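Here is the structure we will look at, set down as structure tokens.
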Amino acid sequence: TVEWVADSPGTAAGLLAALRASQGMARDVPGIGDEAYELGFPSGTIAVRVDRYIVAVNAFQAPGKATRLARSAAAHLRAP
């Protein structure tokens with residue numbers, strides 16, 4: 001799900017920081033987009049920022065699936 005499209009990467013980073021701060025057990029997920037966090041660990045929800053886009057990926061049934069889907073979404077957002 002595309003959660004937000006901000007007017008700039010800096011604004012998107014601020015929005016994602018606020019989202020992360022509102023979650024009790026968020027943790028960094030390295031190597032996805034510009035920044036990514038698993039929210040409410042271990043919830044299966046990953047929030048990813050790529051440039052000015054913030055995407056949330058939910059995959060509760062299979063461990064690691066949200067991470068794979070988030071990585072794929074981030075790569076597609078980077079594609080020209």
Side-chain angles (χ1 to χ4, degrees):
T1 304
V2 175
E3 295 292 329
W4 295 286
V5 179
D7 62 351
S8 70
T11 301
L15 287 168
L16 187 56
L19 176 62
R20 181 181 186 204
S22 73
Q23 301 297 311
M25 296 181 66
R27 70 177 183 109
D28 292 343
V29 181
I32 301 176
D34 294 320
E35 57 185 318
Y37 304 101
E38 185 169 6
L39 304 176
F41 175 76
S43 71
T45 300
I46 306 260
V48 180
R49 183 180 68 80
V50 176
D51 193 38
R52 61 189 190 105
Y53 299 92
I54 297 174
V55 176
V57 177
N58 301 304
F60 297 103
Q61 285 128 0
K65 189 171 214 165
T67 302
R68 290 189 302 274
L69 290 170
R71 188 169 280 119
S72 177
H76 281 66
L77 284 171
R78 290 234 186 262

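What's counted below: heavy atoms across the whole structure, side chains too, no hydrogens, waters or symmetry copies. For clarity, every value in this text was computed on a predicted model and none was experimentally measured.
Heavy-atom minimum distance, V48 versus A70: CG2-CB, 3.6 Å.
Listed by chain and residue number, L16, L19, L39 satisfy the side chain to side chain contact (heavy atoms under 4.5 Å, CB included) test with A47 (two or more places apart in sequence, or in another chain).
Sorted by first and then second residue, the side chain to side chain donor-acceptor pair (under 3.5 Å) pairs involving residues 5-20 (not counting sequence neighbours) are D7-T11, S8-T11, R20-D28.
Here the straight-line distance linking atom CZ of R49 with atom CH2 of W4 works out to 13.0 Å at 0.5 Å rounding.
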Name the atoms and distances for all side-chain donor-acceptor pairs under 3.5 Å in residues 51-59, with sequence neighbours left out.
| from | atom 1 | to | atom 2 | distance (Å) |
| --- | --- | --- | --- | --- |
| R52 | NH1 | A6 | O | 2.8 |
| N58 | OD1 | T45 | OG1 | 2.7 |

